[in-house]
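In what follows, chains are A, B, ... by sequence order, proteins preceding strands, each numbered from 1. Bear in mind the structure is a predicted one, so any value in this text is a computation, not a measurement.
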Amino acid sequence: MKLATFNINGIKARIEALPRWLESARPDVVALQEIKSVDEAFPRDVFEDMGYRVETHGQKSFNGVALLSRLPLEDVTRGLPGDDSDEQARWIEATVIGEKRAVRLCGLYLPNGNPVSFDPEGAPEATGKYGYKLAWMERMRARAAELLATEDPVVLAGDYNIIPQPEDAARPETWVKDALFLPESRAAFRRIVNLGFTEAFRARVTGPGHYSFWDYQAGAWERNNGIRIDHLLLSPQAADLLRDVQIDRAVRGGEKPSDHVPVWIDLDA
DNA sequence: ATGGTGGACGATCCA
């Protein structure tokens, strides 16, 4: 079972690049982020004609997540529990029915959190967009703990907007006051991982130089000034099934690319 | 120190 995460930065803008990647990579399931579309406007026919069922959780202009799957999906749910007043479309879940095993897949678009304001002591203030990010991560931690308790294989796949370690940035010193790399952000990420998840990429690959995002600005791609912020977390039962993990780096060099590239895992499921 | 790019939407926000 090949499961991927891909922040496409707008489905309308990626209506050629996304099918092109699907044809070459042939994933069974893709968790998409930043579809930037309401459900009714998502071009589902394009993907249904390729054999994918389409489940969207969109909103106007910003955010929005979706699942594309060639395997049966069951029990699709939309929205991250814990705050009924949260109207941002950043979370979708489904059970993927593999040939051998069923996997609970969560597709997530974690808030960016910038800009951050700092108090006189230099500590980040948990207000505004950064406060929303930290509160959202605590809600995600609670949902992740619930899913772990099921003892089913669980995969949390998406754009985490978290640089976990200095080696996950080409120039970590430029990120020290950024919501993606602040110690408080990284600690919140570890609180989720430390519940018992395995970060798929770091289970198989060590060392610097592996990125999933390159800014459109200032020649970041040409200079390989990237960061690794797209992750797949595996419950113990899913980690047992891990066969392979890859970052499809070359996608960033294609025609009209997203600023993110796909990251995928192969599970024996 | 600044501006650098791209997407969606509708003259501005978000990343």
Side-chain angles (χ1 to χ4, degrees), chain A residues 5-21 30-44 46-47 56-66 80 86-91 107-118 124 127-137 140 157-164 168-182 184-186 188-189 211-231 249 251-263:
Chain A
T5 177
F6 191 3
N7 181 323
I8 56 173
N9 190 21
I11 186 60
K12 296 175 192 73
R14 229 56 65 203
I15 199 58
E16 292 183 14
L18 177 56
R20 190 190 318 137
W21 173 73
V30 190
L32 300 176
Q33 300 88 38
E34 285 203 270
I35 64 172
K36 295 185 175 181
S37 167
V38 293
D39 297 333
E40 305 75 49
F42 191 92
R44 49 191 311 127
V46 172
F47 305 100
T56 61
H57 179 42
Q59 67 180 96
K60 190 178 178 183
S61 304
F62 309 120
N63 306 322
V65 291
L80 178 62
D86 184 0
E87 297 188 348
Q88 300 195 31
R90 297 179 174 275
W91 185 270
L108 65 106
Y109 178 45
L110 205 149
N112 177 293
N114 285 304
V116 182
S117 59
F118 294 87
T127 56
K129 290 190 174 184
Y130 193 55
Y132 176 67
K133 177 176 193 155
L134 294 177
W136 198 96
M137 292 183 79
M140 178 177 167
D159 176 358
Y160 280 70
N161 271 313
I162 293 286
I163 303 166
D168 297 312
R171 299 172 58 193
E173 69 280 2
T174 64
W175 295 92
V176 291
K177 290 192 176 301
D178 193 283
L180 278 61
F181 192 56
L182 280 171
E184 290 79 359
S185 305
R186 297 165 57 198
F189 176 71
Y211 312 125
S212 65
F213 168 92
W214 294 261
D215 201 293
Y216 288 121
Q217 302 181 68
W221 167 245
E222 289 74 13
R223 299 161 191 259
N224 196 26
N225 179 17
I227 54 177
R228 195 176 67 89
I229 57 175
D230 300 274
H231 310 300
R249 184 181 195 283
V251 172
R252 187 63 176 79
E255 191 173 341
K256 206 170 192 300
S258 172
D259 42 6
H260 296 250
V261 296
V263 184

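- The line from NZ of Lys12(A) to CD1 of Ile35(A) is 8.5 Å long, rounded to the nearest 0.5 Å.
- Nucleotides of DNA chain B that come within less than 4.0 Å of any heavy atom of chain A span, from the 5' end to the 3' end, dG4(B) to dA15(B).
- His260(A) NE2 to Ile229(A) CD1: the interatomic distance, rounded to the nearest 0.5 Å, is 4.5 Å.
- In this structure, Trp91(A) and Trp136(A) have perpendicular ring planes: the angle between them is above 60°, well past the 30° mark.
- Nucleotides dG4(B) and dC9(B), compared at atom P, are 25 Å apart to the nearest Å.
- For dA15(B) and dG3(B), the C1' atoms lie 16 Å apart once the distance is rounded to whole Å.
- Taking Arg44(A) as the reference, Glu48(A) meet the salt bridge (charged side-chain N to carboxylate O under 4.0 Å, His left out) condition, with sequence neighbours excluded.
- Note on ring orientation: taking the six-membered ring where Trp is involved, the planes of Phe189(A) and His231(A) are tilted (angle from 30° to 60°).
- Counting only N and O atoms by type, the side chains of Gln88(A) and Asn63(A) include a donor and acceptor under 3.5 Å apart.
- dC14(B) and dG10(B) are spaced 14 Å apart, taking the P atom of each and rounding to whole Å.
- Listed in residue order, the members of residues 6-17 of chain A having a heavy atom less than 4.0 Å from DNA chain B are Asn9(A), Gly10(A), Lys12(A), Ala13(A), Arg14(A).
- With 3.5 Å as the limit, one finds a donor-acceptor pair spanning the side chains of Asn114(A) and Asp178(A).
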